[in-house]
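This report refers to the structure that appears directly beneath it.
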Amino acid sequence: MGKSVLTGIERQLVLEYLIDGNAPVTLREISLGEGEKVSSVSSVFPVALRSEQIKVLDQGIILLKNPPGKTFSFEGKLVRVQFYFNKLALFFDTKVQRVSAGLALVIPSVICKIVDKPSLPKTAFSVTVYYESSSKKGGASSHKTDISCDFDNAYPLFVSSPFMDVVNRYLSEKKEDEAESIEGRIHAPKLIYFDRQRMVFAAKKKDMPFSAGAEYAVLVRFPLKGPIKERKVYLSCIIEDLYESFDRSCLCACASVSSIREEDARFLEDKVASSSK
């Protein structure tokens, strides 16, 4: 997670915002490494505090009011406090201290903006899904939308393993919900499995645009070497099932390929065969 330090004026505006009691915050334990620099974030799940569970004094001290019991395990430890200000993600590092009123945090002089991690470099290979989405309640009108799918290096495509193994692995993985620079940003689903018969799309529940039983048109672009630089594969797929993670935060949309030209199907078969060698 990158960071950018607020100016003095910006910090004062944020402090006033916190004093007004408008911001829920999240506490996450962090550790120090060599040179007293933050080296890692604890694997312990963060604790979310509602705005009514904190009181910020004019002196820049946060008092915790009836916090969850897990919060007391942070006493005497360094934590990262994350929150949003005008949809911008901010954080500061401080220690949880015991005072007569309970637990307290001192807001330090340095408050930082969160900078998103660099995106993976774009490749010539791409998958675009086309569908119609309703623009009014009741589906009175609709417009065509295209979604350029993301990918995950941990889930290589064109593999010979059963697609449900990939689904189960994705849904059972522990996922750190890191704060982003902008609150409420929508992310494209990731394509985590692809062969001539199946496609599996994965996303956080709030970001999943696909519906069970719906059919979508898909364009896949493959880079080629030689005078012809690209091969386009057109197909349709139907979402057969939506699988949900145990904590109900993520979904996998499992689609079957409903139509594809035979020569394109053979091309995909060759991709799977060559990747398994």
Side-chain angles (χ1 to χ4, degrees), residues 119-120 122-173 175 177 180 182-222 230-269 271-272:
S119 301
L120 292 174
K122 294 292 184 181
T123 65
F125 172 75
S126 66
V127 175
T128 306
V129 181
Y130 301 89
Y131 75 110
E132 291 189 359
S133 60
S134 297
S135 57
K136 293 183 180 179
K137 289 184 177 180
S141 65
S142 63
H143 61 278
K144 291 185 177 180
T145 306
D146 61 281
I147 296 177
S148 297
C149 293
D150 289 333
F151 308 100
D152 191 328
N153 289 335
Y155 296 90
L157 305 178
F158 311 111
V159 296
S160 57
S161 60
F163 79 95
M164 279 305 300
D165 289 355
V166 176
V167 172
N168 291 332
R169 180 160 70 92
Y170 180 85
L171 294 178
S172 62
E173 276 185 342
K175 297 176 178 62
D177 192 15
E180 297 183 89
I182 304 295
E183 184 179 19
R185 179 180 291 163
I186 301 298
H187 294 275
K190 294 178 180 179
L191 183 64
I192 61 172
Y193 184 91
F194 188 18
D195 64 21
R196 69 159 291 174
Q197 296 178 318
R198 295 268 176 191
M199 305 182 79
V200 177
F201 304 93
K204 290 184 178 179
K205 195 171 184 178
K206 68 178 183 65
D207 295 334
M208 178 59 75
F210 306 133
S211 304
E215 186 170 23
Y216 302 95
V218 181
L219 168 61
V220 188
R221 297 174 183 266
F222 292 90
E230 180 182 71
R231 176 165 183 160
K232 295 180 180 178
V233 172
Y234 296 91
L235 60 91
S236 297
C237 69
I238 298 175
I239 306 297
E240 292 186 333
D241 295 289
L242 287 171
Y243 295 96
E244 191 175 53
S245 61
F246 180 77
D247 63 2
R248 308 184 71 177
S249 64
C250 298
L251 290 173
C252 279
C254 298
S256 62
V257 176
S258 52
S259 67
I260 186 173
R261 295 189 307 176
E262 187 58 36
E263 57 266 35
D264 289 333
R266 289 195 298 269
F267 175 75
L268 295 180
E269 286 179 343
K271 293 287 291 182
V272 173

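All values below come from the heavy atoms of this structure, side chains included, with hydrogens, waters and symmetry mates left out. Everything quoted here is computed from the prediction, not taken from an experiment. For this chain, numbers begin at 1 and follow the sequence in order.
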Are side-chain heavy atoms of I192 and C252 found at a separation under 4.5 Å?
yes
Of L235, T128, V257, the one forming a side-chain contact (heavy atoms from CB on, under 4.5 Å) with V218 is L235
Here the pair of heavy atoms bringing S148 nearest to A188 is O-CB, 3.3 Å
Of D150, D207, D152, the one forming a salt bridge (Lys or Arg N to Asp or Glu O under 4.0 Å) with K190 is D152
message = A side-chain contact here means heavy atoms from C-beta on lying under 4.5 Å apart; do R231 and D264 qualify?
response = yes
task = Decide yes or no on side-chain contact (heavy atoms from CB on, under 4.5 Å) for Y193 and V159, but give the supporting numbers first.
result = CA-CA 8 Å; Y193 184 91; V159 296; 4.0 Å; yes
- Give a yes or no on whether the backbone of S259 and the side-chain of S236 come within a donor-acceptor separation of less than 3.5 Å. no
Can you confirm if the aromatic rings of F267 and F222 lie within a centre distance of less than 6.0 Å? yes
The single option from Y234, Y130, F210 that satisfies ring pair (Phe, Tyr, Trp, His ring centres under 6.0 Å) with Y216 is F210
The reported gap from OG in S258 to CD in Q197 (rounded to nearest 0.5 angstrom) is 12.5 Å
Please determine whether side-chain contact (heavy atoms from CB on, under 4.5 Å) holds for the pair F201 and V129, giving the CA-CA distance in whole Å, both sets of side-chain angles, and the decisive distance to 0.1 Å.
CA-CA 11 Å; F201 304 93; V129 181; 3.9 Å; yes
**Q.** Audit row: K204, H187, side-chain contact (heavy atoms from CB on, under 4.5 Å) steps and yes/no
**A.** CA-CA 8 Å; K204 290 184 178 179; H187 294 275; over 6 Å; no
Are Y243 and M164 close enough that some pair of their side-chain heavy atoms sits under 4.5 Å apart? yes
| message | For a 4.5 angstrom cut-off between non-hydrogen side-chain atoms, does F151 reach L191? | response | yes
dist E215:CD -> C237:SG (nearest 0.5 Å) comes out at 7.5 Å
Rounding to 0.5 Å, atoms CE (M199) and CD (E240) come to a distance of 13.0 Å
Here the pair of heavy atoms bringing A253 nearest to L242 is CB-CD2, 3.4 Å
Exercise. Report yes if the side chains of I260 and L268 come closer than 4.5 Å at any heavy-atom pair, otherwise no.
Key: yes
- Message: For the residue pair R169 and Y155, would you count it as a cation-pi contact if the rule is NZ or CZ under 6.0 angstrom from the ring centre and within 45 degrees of the ring axis?
- Response: yes
- Message: With heavy-atom distances below 4.5 Å as the criterion, would you say the side chains of S126 and R221 are in contact?
- Response: yes
dist L251:CG -> K205:NZ (nearest 0.5 Å) comes out at 6.0 Å
Rounded to the nearest 0.5 angstrom, the OG-CG distance for S249 and L171 is 9.0 Å
S245 and D247 have their tightest heavy-atom pair at OG-OD1, 2.7 Å
Notebook entry, point to check: Is any side-chain heavy atom of K271 less than 4.5 Å from a side-chain heavy atom of F194?
Noted result: no
